[in-house]
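Please read all numbers here as calculations on a predicted model, not as lab measurements.
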Amino acid sequence: MGTPARSPTLEMVAARAGVSRATVSRVVNASPTVTAEVAALVHAAISDLSYVPNRAARSLASRTTQVIALVVPESTAKVFADPFFASVVQGVALHLAETDYTLNLLIASETTSDKTRRYLLGGNVDGALVVSHHSGDHSYTHLGQGLPVVFGGRPLSADALFGHYVDVDNVSGGRLATRHLIERGCRSIATIAGPQDMPAGIDRLIGWRNAVTAAGLDESLVEYGDYSPADGAAAMRRLLDRRVPIDGLFVFSDQLAAGAYSVMREAGLSIPGDIAVVGYDDDRYASTVSPTLTTVNQAPVEMGARMAEIVVRLIGGEQVETATIMPTKLVVRESA
């Protein structure tokens, strides 16, 4: 029997092309740092030797991976505790299930952003989705220069507009929630706002202010939290410590509202008898707290599906509007 033919290696490709092994690796991973002339030499050597890297041969031939990354620049604890992220992932997965694309979930942080960015731009994925409550994630704002990318939520920085985004009309949502409280007869309406390093937090606060200003009401009853029940409880204590009568409360997330509920109960206040409450998200917190929470639905499953649809279209070379804005709606329950 003859000796089995030896499979071509990265080193053999490098020798044939007259370049270093590292240069071949960069070409295989679609690095933008290699000149077109050198890349052509390497691809010719790959073709001559029928070299196939670890990725499937079809991916090498087509220069695609059939992979889309969903990047979540938040802590692991927050990602798995927050129903918003689960709903967005569900929407993305449901849409991609009807395509040939596989979904990679990357939970990243500012401390690992360089590694994540290198992976995304290294030829490992065909496109990326970036979803976060906080849009000060500047490490990802320039991805759109080298990769089809869709943000979940309007990026805070104008520099991020190299990519596309899907968002809800948060100004309208904040105004809708507050007007509902006004129509119920509330005249001292406080808010527990989200962080102001994110467009959703900024825009919902603008909507609240628009509504209370138009009604001639006090605009000073504002406290802030970071989307957890504990933050909602702390913010509610600060509002009650002001000793200012409050008969209405708009809360920027249902998780924050759940925390505020506990403090109101401790203070002997009834909902909605003493304070009517409207939340935002329409997630499992809204339907499991007692009384059930009137809230603004922002359809995160649909948002995830729309993000996936757009990134697939971008990968296919289609022209897509930079901004896709989805409507919100009020879901009335027992709290207001």
Side-chain angles (χ1 to χ4, degrees), residues 10 13 22 24-34 39 42-43 46-47 50-74 76 79-80 84-109 112-132 137 139-153 155 160 162-166 300-320 322 324:
L10 206 66
V13 173
V24 174
S25 179
R26 285 194 291 271
V27 171
V28 167
N29 287 296
S31 170
T33 63
V34 182
V42 173
H43 284 300
I46 287 172
S47 178
S50 298
Y51 168 75
V52 178
N54 289 334
R55 286 179 293 170
R58 180 170 62 87
S59 295
L60 179 62
S62 65
R63 304 298 295 272
T64 64
T65 65
Q66 299 301 118
V67 174
I68 291 172
L70 175 59
V71 184
V72 186
E74 298 276 4
T76 302
V79 170
F80 288 105
F84 172 79
F85 294 118
S87 297
V88 172
V89 173
Q90 180 185 1
V92 172
L94 285 172
H95 183 83
L96 293 185
E98 304 300 320
T99 73
D100 291 331
Y101 288 97
T102 299
L103 180 65
N104 272 5
L105 176 62
L106 303 177
I107 300 175
S109 68
T112 61
S113 59
D114 285 344
K115 180 173 71 174
T116 302
R117 191 170 59 252
R118 285 196 303 271
Y119 174 81
L120 293 172
L121 296 177
N124 299 292
V125 302
D126 294 335
L129 309 171
V130 182
V131 58
S132 172
D137 302 303
S139 301
Y140 304 101
T141 57
H142 293 281
L143 280 179
Q145 290 177 303
L147 188 73
V149 60
V150 179
F151 288 87
F162 292 116
H164 294 65
Y165 67 91
V166 178
V301 174
E302 289 81 357
M303 176 185 284
R306 186 66 64 85
M307 291 172 65
E309 174 201 341
I310 291 172
V311 80
V312 169
R313 291 173 61 192
L314 291 172
I315 293 168
E318 292 187 42
Q319 295 294 316
V320 184
T322 297
T324 299

Using side-chain heavy atoms (C-beta onward) and a distance below 4.5 Å, is [X] in contact with [Y]?
{"X": "N124", "Y": "V67", "answer": "no"}
{"X": "V149", "Y": "L129", "answer": "no"}
{"X": "V71", "Y": "T116", "answer": "yes"}
{"X": "V312", "Y": "L96", "answer": "yes"}
{"X": "I68", "Y": "V125", "answer": "no"}
{"X": "F85", "Y": "V72", "answer": "yes"}
{"X": "L70", "Y": "L106", "answer": "no"}

Could you pull out the closest heavy-atom pair between [X] and [Y], with the gap in Å?
{"X": "F151", "Y": "M307", "result": "C-CE, 3.8 Å"}
{"X": "D126", "Y": "P148", "result": "O-CD, 3.4 Å"}
{"X": "Y165", "Y": "G153", "result": "CB-O, 3.7 Å"}
{"X": "V311", "Y": "G127", "result": "CG2-CA, 4.1 Å"}
{"X": "Q319", "Y": "R313", "result": "O-NH2, 4.0 Å"}
{"X": "A39", "Y": "V34", "result": "N-CG1, 3.9 Å"}

### Query
So, R306 and E302, do they make that salt bridge, N to O below 4.0 Å?
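Not counted as a salt bridge, because no side-chain N and carboxylate O are separated by less than 4.0 Å.
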### Query
Which pairs with one or both residues in residues 95-105 pass side-chain hydrogen bond (donor to acceptor under 3.5 Å, both in side chains), sequence neighbours excluded?
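Pairs touching residues 95-105 that pass the test: N104-Y119.
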### V320 backbone acceptor or donor facing H164 side chain under 3.5 Å
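Looks like yes, one N/O pair under 3.5 Å.
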### Message
I need the L120 CG to K115 NZ distance, nearest 0.5 Å.
### Response
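So the CG of L120 and the NZ of K115 are separated by 12.0 Å.
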### Query
Measuring from L147:CG to R117:CZ, what's the distance to the nearest 0.5 Å?
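Answer rounded to 0.5 Å: 12.5 Å.
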